[in-house]
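Only one structure is covered here, and it is reproduced in the block below.
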Amino acid sequence: MTQTIVPVILAGGQGTRLWPMSRSARPKQFIDLVGDKSLFQQTLDRISDTSRYSAPIVLTNTDYRFLVAEQAQEGGVALASILLEPVARNTAVAIAAAAVVAMADDADAVLHILASDHAITADSSYFSAVDAAAAAAREGKLVTFGIKPSHPETGYGYIAVGEGLSHGVRKVERFVEKPDLAGAEAMLAQGGFVWNSGMFMFSAKAFLAECERLAPETYAAARGAVEQGHSDLDFTRLDAAAFETAPNISVDYAIFEKTDKAAVLPVDFKWSDLGAWDAVWNAHEADSAGNVVIGPAMMSNTRNSMVMSDKAHVVVDGLEDVAVIVSEDAVFVGRLSQAQNVGKLVKALKADETTRSLTEIHKTAYRPWGGYSSVLSGERFQVKRLFVQPGKKLSLQKHHHRSEHWVVVSGTAEVTVDGKVTMLTENQSIYLPLGCVHRLANPGKILLELVEVQTGSYLGEDDIIRIEDEFGRA
């Protein structure tokens, strides 16, 4: 039996309420919203103490698998497993699958379930809470962390706290759905309620026993998905046929609201799920006027507001309670206090074919080898900036509908065209005719940057026929 805790990080969400920065191709857990690291990397930092934690299990999906691997590598973190969910089925079956994997290595494994997109101040009180929850979990409790409320919040679910148990945890009296303002104010005035943080601690054995008893379809789907899954490069693909049989249900509904083993640990460390722009504003230290500025901006006669901008310089004058969020290709302006409405707006954008792409991809798209930015496009042509990380290479590929011209801006490019290899340096270029089999690689030690000019009858990203690919996409 090991005394270390197995972290299980849930990293498959899309964070639509933080649009336009968070999009389905690169959601909020993988971008820098608070501090100079992504929220996922900050989560990895909190579990870096090897005397307390073993290597983490990360649950994500196919679209984010390389983001997970690369950001972990950047932080120098070795992952125990990256489990790929074939379809979205909420948290119950995902956590159950992680528990099955953990038990295969250690029958007495204790799991710490963590969201990848929360902002947490990991001070001494945080780690004291982790250790207390782990001690209760080793005694068979299924522990949830309850945040002591600082204000009447309508964006979180609540837990009614019951009698005291061991190690500072308390009995769960009941779970309360996200309330309206009056309900939140009443619970705050009454006391005895905490926010449901979505973080859990339990032994894999105890959790799976309750899952088999209370949610047998979820249990069977999770076990089948693991047992019939297969390895793909550094990832484990959970079996789709088994996984798809699981009900689409959260672990709260499937297990915690039904079990008699549920316990809550009330905590008061700084925590936010960063569920909307007002939460991001609250997670930063505001100036004397209550303003938070991230990126180039000037605030004049403005109070209790937030500006976040990628590149454009923003000037705000004479406003209050406003959020101005500027990405490369979209701008959101709205009441900071009504930031929860962004999710509804994103649904409307998705429903319109002319704006759907604004919810899916950024102007800069990231790939396992680097990425590209769209610079200019028109009828039958497109200009992009490509960037390739040192030592990386794109797939060996061809196109049916376009030709390309590459100009090296910086770094060294190794270009293969129909079997012939050419080395290019700054200001040199090469033409790639329609239908040629080609590949681009960066053999150097610095970032390779190129300008790519595409011409042809169709310029979509799906006009790529991959012949070989080191990232398993062929």
Side-chain angles (χ1 to χ4, degrees), residues 1-11 43-59 77-83 91-116 118 120 122 124-147 159 165-172 196-215 218-219 222-223 226 236 250-252 254-256 259-267 269 271:
M1 173 181 174
T2 178
Q3 290 297 307
T4 56
I5 302 163
V6 180
V8 175
I9 302 175
L10 308 179
T43 305
L44 293 176
D45 286 345
R46 290 196 296 275
I47 55 146
S48 60
D49 180 0
T50 55
S51 67
R52 180 178 279 110
Y53 287 109
S54 58
I57 297 171
V58 179
L59 282 143
V77 178
L79 305 178
S81 301
I82 303 176
L83 306 182
T91 56
V93 66
I95 292 172
V100 172
V101 170
M103 271 199 73
D105 289 333
D106 181 2
D108 298 308
V110 169
L111 310 185
H112 188 183
I113 311 300
L114 297 158
S116 60
H118 290 181
I120 294 173
S124 59
S125 65
Y126 172 80
F127 289 111
S128 293
V130 168
D131 293 341
R138 292 188 179 100
E139 295 178 354
K141 298 289 189 296
L142 307 185
V143 183
T144 180
F145 292 77
I147 311 297
I159 300 171
L165 302 171
S166 60
H167 305 289
V169 305
R170 305 180 72 88
K171 184 178 179 180
V172 171
N196 186 359
S197 72
M199 295 186 294
F200 308 98
M201 187 85 72
F202 43 69
S203 77
K205 183 187 299 182
F207 176 80
L208 288 175
E210 289 299 273
C211 189
E212 186 175 21
R213 182 173 72 88
L214 300 171
T218 297
Y219 174 82
R223 186 165 288 283
V226 172
T236 298
S250 72
V251 72
D252 303 74
I255 308 297
F256 274 80
T259 181
D260 59 1
K261 299 182 184 298
V264 57
L265 179 63
V267 297
F269 51 78
W271 167 90

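Throughout, residue positions are numbered sequentially from 1 according to the sequence presented.
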request  = Applying side-chain contact (heavy atoms from CB on, under 4.5 Å), run through Gln3 and Arg52 and close with a yes or a no.
outcome  = CA-CA 8 Å; Gln3 290 297 307; Arg52 180 178 279 110; over 6 Å; no
Non-hydrogen atoms of Ser166 and Glu139 that approach each other most closely = OG-OE1, 2.8 Å
remark   = Interatomic distance, CG@Leu79 vs CG@Leu44, rounded to 0.5 Å, equals 6.5 Å
ask   = Would Val8 and Leu59 satisfy side-chain contact (heavy atoms from CB on, under 4.5 Å), going step by step from the backbone distance to the final call?
value = CA-CA 7 Å; Val8 175; Leu59 282 143; 3.7 Å; yes
Closest non-hydrogen atom pair, Pro7 against Leu114 = CB-CD1, 4.3 Å
key: Thr259 side chain to Ile255 backbone, donor-acceptor under 3.5 Å   = no
request  = Apply side-chain contact (heavy atoms from CB on, under 4.5 Å) to the pair Val93 and Tyr219, showing each step before the final yes or no.
outcome  = CA-CA 7 Å; Val93 66; Tyr219 174 82; over 6 Å; no
inquiry  = Side chains of Thr43 and His118, heavy atoms from C-beta outward: is any pair under 4.5 Å?
reply    = no
task = Can you see which heavy atom on Lys261 is nearest to which on Gly140, and at what distance?
result = CD-O, 3.8 Å
query = What are the two closest non-hydrogen atoms of Ser81 and Val101, and how far apart are they?
reply = OG-CG1, 4.1 Å
request  = Would you please indicate if the ring centroids of Phe145 and His112 are separated by under 6.0 Å?
outcome  = yes
ask   = Rounded to the nearest 0.5 Å, how far apart are SG of Cys211 and CG of Leu142?
value = 10.5 Å
message = Quick check: closest heavy atoms across Ala11 and Val58, and the distance to 0.1 Å?
response = CB-CG1, 4.0 Å
message = I need the full list of salt bridge (charged side-chain N to carboxylate O under 4.0 Å, His left out) pairs touching residues 199-211, with sequence neighbours left out, sorted by first then second residue.
response = Asp108-Lys205, Glu210-Arg213
Close side-chain approach of Val110 and Val6, heavy atoms under 4.5 Å = no
request  = Calculate, to the nearest 0.5 Å, the distance between atoms CD1 and CD1 belonging to Ile9 and Ile57 respectively.
outcome  = 10.0 Å
message = So Met199 and Ile120, do their side chains get closer than 4.5 Å, heavy atoms only?
response = yes
remark   = Taking every heavy atom of Thr50 against every heavy atom of Thr4, the minimum-distance pair comes out as O-CG2, 3.9 Å
key: Nearest-0.5 Å distance that lies between atom CG in Leu111 and atom CD1 in Ile5   = 10.0 Å
ask   = If you measure from CG on Leu10 to CD1 on Ile113, what distance do you get to the nearest 0.5 Å?
value = 6.5 Å
inquiry  = A side-chain contact here means heavy atoms from C-beta on lying under 4.5 Å apart; do Leu165 and Arg170 qualify?
reply    = no
Tyr53 vs Arg46 side-chain heavy atoms within contact, under 4.5 Å = no
request  = For the pair Ser48 (side chain) and Asp45 (backbone), establish whether a donor and an acceptor sit closer than 3.5 Å, ignoring hydrogens and angles.
outcome  = yes
message = Test of understanding: with ring pair (Phe, Tyr, Trp, His ring centres under 6.0 Å), list the residues that count as partners of Phe256, not counting sequence neighbours.
response = Phe200
message = Would you compute the distance between atom OG1 of Thr144 and atom CG of Asp252 and round it to the nearest 0.5 angstrom?
response = 7.0 Å
